[in-house]
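Here is the structure we will look at.
No experiment lies behind these values; they were computed from the predicted model shown. Order of appearance sets the numbers: ligands from 1, and atoms from 1 within every ligand.
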Amino acid sequence: MLVVTVANLKGGVGKTTSAICLAQAAAEAGETAMVVDSDPQGSAMRWGQLALDRDEPLSVLVTAHAGADLPRYVESLSSTAVLIDTGPSRSNEDVKVLRSAIKAASLVVVPCQPSGVDLDTIGAALDVCEEHDRQAVVLLTRTKAPTLVRDVRAPLADAGAHVLDAEVPDRASVVRSYGFAPPPEVLEPYRAAWAEVSALARVETGR
Ligand SMILES: Nc1ncnc2c1ncn2[C@@H]1O[C@H](COP(=O)(O)OP(=O)(O)O)[C@@H](O)[C@H]1O
Ligand SMILES: [Mg+2]
């Protein structure tokens with residue numbers, strides 16, 4: 001089983017979108033994919049429920065579990081690819097759940113927008129991964145100008161962060177995909193990201 005946690009202490013960086021789209025990409029690649037929503041706000045759960053109500057071809061099962069025992073919970077699942085969506089970390093309780101989600105994972109994907117404030121705050125997520133000895137990879141999301149992306153890739157690489165080659169462009173179609181099966185143009189960058197992520201996660205799990 002590949003367990004990948006999507007985390008960033010900051011909200012609104014594309015965690016939920018990435019968890020759902022990476023899981024859908026995993027399902028397309030032949031995995032039995034599941035999203036575990038550990039965010040009490042429950043956006044991933046809601047996405048899954050809306051898609052189910054609409055009979056959308058979302059090949060991902062979404063469940064909710066927010067607690068400090070995510071490693072044990074995940075072990076009880078029978079999926080071959082589990083994406084854990086996490087919430088922003090505001091309270092001590094949030095941080096406890098985040099740590100549990102990171103401990104449950106073989107790899108952590110940290111979505112990051114190419115902006116100064118995102119760059120400034122990403123270190124906190126990378127530090128928690130390091131504390132728990134989990135490999136973290138940065139997924140650039142909502143990318144626009146290539147020059148800006150270069151400005152962001154360089155300092156991240158200098159800081160020792162592993163940045164995925166795949167990046168997710170800023171698109172209105174991503175915003176519209178909430179509650180639906182992601183359409184091909186939304187999924188395309190996530191297919192490339194899943195290829196990188198699954199290869200790295202397989203190495204970490206020794207599969
Ligand atoms: N690649 C993208 N292009 C445009 N909008 C995006 C993209 N990724 C995410 N968004 C939008 O940004 C907002 C926050 O995304 P979300 O996945 O909910 O972040 P988080 O889970 O980190 O809070 C949502 O409105 C979402 O539709
Ligand atoms: Mg979210």
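Pairing each heavy atom of Tyr190 with each of Thr17, the nearest pair is OH-CG2, 4.0 Å. Contact between Pro88 and Lys10 at its shortest, heavy atoms only, is CB-C, 4.4 Å.
Looking at Pro169 against ligand 1, only its backbone comes within 4.0 Å, counting heavy atoms.
With Thr32 as the fixed residue, the side chain to side chain contact (heavy atoms under 4.5 Å, CB included) test singles out one of Thr80, Leu61, Leu77: Thr80.
Of the polar atoms of Gly12, at least one N or O is found under 3.5 Å from an N or O of ligand 1, judged by distance alone. Of the polar atoms of Arg142, at least one N or O is found under 3.5 Å from an N or O of ligand 1, judged by distance alone. Between Ala172 and ligand 1, a contact under 3.5 Å exists for no N or O pair. Close N/O approach between Lys15 and ligand 1 is found [any backbone or side-chain N/O within under 3.5 Å].
Inspection of the environment of the Mg ion (ligand 2) yields the following protein N, O or S atoms under 2.8 Å: Thr16 OG1.
The shortest distance between side-chain heavy atoms of Thr86 and Val6 does not fall below 4.5 Å. Between Lys15 and Asn8, the closest side-chain pair of non-hydrogen atoms falls below 4.5 Å.
Near Val168, meaning under 4.0 Å from one of its heavy atoms, ligand 1 places the atoms 1 (N). Of all atoms in ligand 1, numbered sequentially from 1 with element shown, those under 4.0 Å from a heavy atom of Gly14 are 15 (O), 16 (P), 17 (O), 19 (O), 20 (P), 22 (O). For ligand 1, the atoms closer than 4.0 angstrom to any heavy atom of Val13 are 19 (O), 20 (P), 22 (O). For ligand 1, the atoms sitting less than 4.0 Å from at least one non-hydrogen atom of Asp170 are 3 (N), 4 (C), numbered in the order shown with element in parentheses.
One finds the CD1 atom of Ile84 at 7.5 Å from the OG atom of Ser100 (value rounded to the nearest 0.5 Å). Rounded to the nearest 0.5 Å, atoms CE (Met45) and NE2 (His65) are 13.0 Å apart. Note: Thr205 OG1 to Leu107 CG = 9.0 Å, rounded to the nearest 0.5 Å.
Atom 16 (P) of ligand 1 is flagged as protein-proximal [any protein heavy atom, distance under 4.0 Å]. Inside a 4.0 Å radius of atom 24 (C) of ligand 1 there is not any protein heavy atom.
Using a 4.0 Å cut-off between charged nitrogen and carboxylate oxygen, Glu204 and Arg134 do not count as a salt-bridge pair. A salt bridge links Lys96 and Glu93; the closest N-O separation between the charged side-chain nitrogens and carboxylate oxygens is under 4.0 Å. Looking at Arg191 and Glu185, no side-chain N of the basic residue comes within less than 4.0 Å of a carboxylate O on the acidic one, giving no salt bridge.
In this structure, Thr141 has no heavy atom closer than 4.0 Å to ligand 1.
Leu139 and Val13 sit in two unconnected hydrophobic clusters of ILVMFWY residues. Membership requires side-chain heavy atoms under 4.5 Å apart, directly or through other members. Connection of Tyr73 to Ile102 is not established within any shared hydrophobic cluster, with ILVMFWY side chains joined at heavy-atom distances below 4.5 Å, either directly or through further cluster members. Residues Val60 and Val109 are members of one and the same hydrophobic cluster, defined by side-chain heavy-atom contacts under 4.5 angstrom among Ile, Leu, Val, Met, Phe, Trp and Tyr.
Here the protein heavy atom with the shortest distance to atom 18 (O) of ligand 1 is Thr16 CB, 4.1 Å. Remark: minimum distance from atom 27 (O) of ligand 1 to any protein heavy atom is reached at Val175 CA, 3.4 Å. Here the heavy atom of the protein found nearest to atom 8 (N) of ligand 1 is Val174 CG1, 3.6 Å.
Relative to atom 9 (C) of ligand 1, the option among Thr17, Asp39, Leu140 with the closest non-hydrogen atom is Thr17. Around atom 3 (N) of ligand 1, the closest heavy atom drawn from Glu167, Arg171, Gln41 belongs to Arg171.
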